Amino acid sequence: MRIATWNVNSMRARADRVEAWLEKSDVDVLAIQETKCKDENFPWELFERNGYEVAHFGFSQWNGVAIASRVGLTEVERAFPDQPAFGKNGKDPVEEARAIGATCNGVRLWSLYVPNGRSRHDEHMEYKLRWLRQLREHAQSWLAEDPHAQIALAGDWNIAPEDDDVWDIDFFERNQLTHVTAAEREAFQEFVQAGFTDVVRPHTPGPGVYTFWEYTSLRFQKRQGMRIDCHLASPALAARVRHAYVDKDERRGKGASDHAPVVIELS
DNA sequence: ATGGTAGCCGCGCTA
């Protein structure tokens with residue numbers, strides 16, 4: 001079985017690319033982030049005609065997550081329990097479409113779009129850390145309930161766990177950028193301490209292996225990327241991972257998302 | 001060249 005995660009940066013703008021990639025990659029399950037649409041604008045037929053069931057969670061033009069599967073899609077859950085909400089200046093906090101879970105052929109998969117954080121001292125950064133802490137507490141409890149559960153936490157983590165996961169750590173520190181701070185990395189490591197491992201990195205050793213390249217400053221052309229998309233697997237699932245890869249080719253050419261798909265292959 | 005792209009219920013906001 002093959003499972004992929006991909007921040008498509010608009011499902012409608014990327015529809016042709018996604019369809020072509022499903023055929024090319026032959027994945028069984030795809031966790032999608034940043035669909036940037038609500039249900040009524042989601043291209044349901046695209047998945048149906050390619051043999052995938054699909055569940056989508058989107059409120060507006062922001063965020064939006066989905067799971068497509070051709071090996072079953074049950075127990076769909078939109079948002080995790082007590083998922084933190086966000087409101088600017090602390091006002092009118094609303095829950096955002098950043099997490100959807102489903103069971104696909106025995107694997108409990110979550111498609112996650114972790115809040116960006118925006119800047120080091122922004123209230124959005126506090127939201128990001130709160131959001132991660134809440135998710136981690138639940139993930140921990142799922143594993144405590146069933147230590148043999150096959151759980152994949154897949155998506156755009158918006159965190160570069162190690163210095164090698166960005167093109168120039170000095171640039172990030174000099175400019176006080178996000179995704180690399182101690183607080184963000186600690187939040188990520190708490191998942192690892194809870195028993196979830198990054199099953200992609202061992203198969204895609206760095207430096208220089210990235211999943212995201214900013215459109216601005218033409219970072220892809222300059223080979224200046226970040227590795228912020230990955231799959232964190234529970235012990236039982238991690239034991240099944242045979243291979244993993246980043247499909248960097250998908251970032252090339254006109255009409256590419258700023259993220260590349262990340263695939264894991266299970267026994 | 002002190003920058004600059006891409007997407008959206010767009011003429012600002014998010015990334």
Side-chain angles (χ1 to χ4, degrees), chain A residues 5-19 21 31-43 46 56-66 84-99 111-132 155-160 165-168 170-181 184 187-188 210-230 248-262:
Chain A
T5 184
W6 189 11
N7 179 323
V8 298
N9 185 13
S10 173
M11 193 55 230
R12 283 173 288 172
R14 220 67 62 206
D16 291 348
R17 280 249 186 186
V18 170
E19 187 160 27
W21 191 78
I32 303 169
Q33 300 86 38
E34 278 208 270
T35 61
K36 288 188 169 176
C37 64
K38 38 186 147 185
D39 280 354
E40 63 197 74
N41 294 322
F42 188 82
L46 184 161
H56 175 246
F57 180 36
F59 293 120
S60 68
Q61 75 270 46
W62 307 124
N63 316 304
V65 283
F86 180 71
K88 242 181 172 172
N89 306 314
K91 285 196 291 192
D92 308 320
V94 292
E95 186 179 72
E96 299 181 310
R98 295 180 175 275
S111 176
L112 305 168
Y113 180 42
V114 175
N116 176 286
R118 297 183 184 165
S119 61
R120 289 192 176 189
H121 303 293
D122 197 287
E123 59 185 336
H124 206 263
M125 179 60 72
E126 295 169 36
Y127 167 53
K128 177 181 195 172
L129 298 172
R130 201 160 60 235
W131 197 95
L132 284 164
D156 177 356
W157 287 83
N158 268 322
I159 297 171
D165 294 323
V166 296
W167 52 275
D168 180 0
D170 293 336
F171 179 88
F172 282 72
E173 290 305 336
R174 205 162 53 237
N175 294 290
Q176 293 284 291
L177 301 180
T178 59
H179 296 53
V180 297
T181 64
E184 291 165 285
F188 187 87
Y210 309 123
T211 64
F212 165 76
W213 298 259
E214 284 179 300
Y215 289 128
T216 51
S217 304
L218 304 173
R219 298 251 179 249
F220 186 71
Q221 290 81 339
K222 298 175 187 168
R223 299 187 162 86
Q224 297 175 337
M226 302 166 70
R227 196 181 73 91
I228 56 176
D229 305 85
C230 74
K248 188 179 170 185
D249 279 346
E250 190 48 50
R251 180 62 178 82
R252 294 179 207 283
K254 201 170 167 59
S257 167
D258 41 3
H259 295 252
V262 182

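Values reported hereafter were calculated over all heavy atoms of this structure, with side chains retained and with hydrogens, waters and symmetry mates removed. Keep in mind it's a predicted model, so treat the numbers as computed, not measured. Here is the naming used below: chain letters follow the sequence lines, and residue numbers restart at 1 for every chain.
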(message) Measure CZ/A:R17 against P/B:dA6 and give the value in whole Å, please.
(response) 11 Å
(message) Checking A:K128 against A:N116: is there a side-chain donor and acceptor pair closer than 3.5 Å?
(response) no
(request) Please state the C1' separation for the pair B:dA1 and B:dC11 - nearest whole angstrom. (result) 26 Å
(message) In whole Å, measure the gap between the C1' atoms of B:dA15 and B:dG10 for me.
(response) 15 Å
(request) Write down the distance separating the P atoms in B:dT2 and B:dG12, rounded off to the nearest Å. (result) 24 Å
Protein-nucleotides 13-15 of chain B N/O pairs under 3.5 Å:
unit_1, atom_1, unit_2, atom_2, d
B:dT14, OP2, A:K88, NZ, 3.2
B:dA15, OP2, A:R118, NE, 2.7
B:dA15, OP2, A:R118, NH2, 3.4

(message) For a quick check under 3.5 Å, do A:E250 and A:S257 share a side-chain donor-acceptor pair by atom type?
(response) no
(message) Pick the closest DNA chain B nucleotide for A:C37 and for A:R219 by heavy atoms, then say which residue is nearer the 5' end.
(response) A:R219
(message) Out of the candidates A:Q33, A:K36, A:H259, only one should pair with A:N9 under the side-chain hydrogen bond (donor to acceptor under 3.5 Å, both in side chains) rule; please name it.
(response) A:K36
(message) Less than 4.0 angstrom from a charged side-chain N to a carboxylate O is my criterion; do A:E173 and A:R120 meet it?
(response) yes
(message) Please determine whether a side-chain nitrogen or oxygen atom of A:R14 lies at a distance below 4.0 Å from atom OP1 or OP2 of B:dA6.
(response) no
(message) If we check side-chain contact (heavy atoms from CB on, under 4.5 Å) with A:F212, which of these qualifies: A:R219, A:H179, A:M226?
(response) A:M226
(request) Measure from CZ on A:F42 to P on B:dC8 and round the result to the nearest Å. (result) 14 Å
(request) Check side chain to side chain contact (heavy atoms under 4.5 Å, CB included) between A:N175 and all other residues, then give those that pass, not counting sequence neighbours. (result) A:F171, A:L177
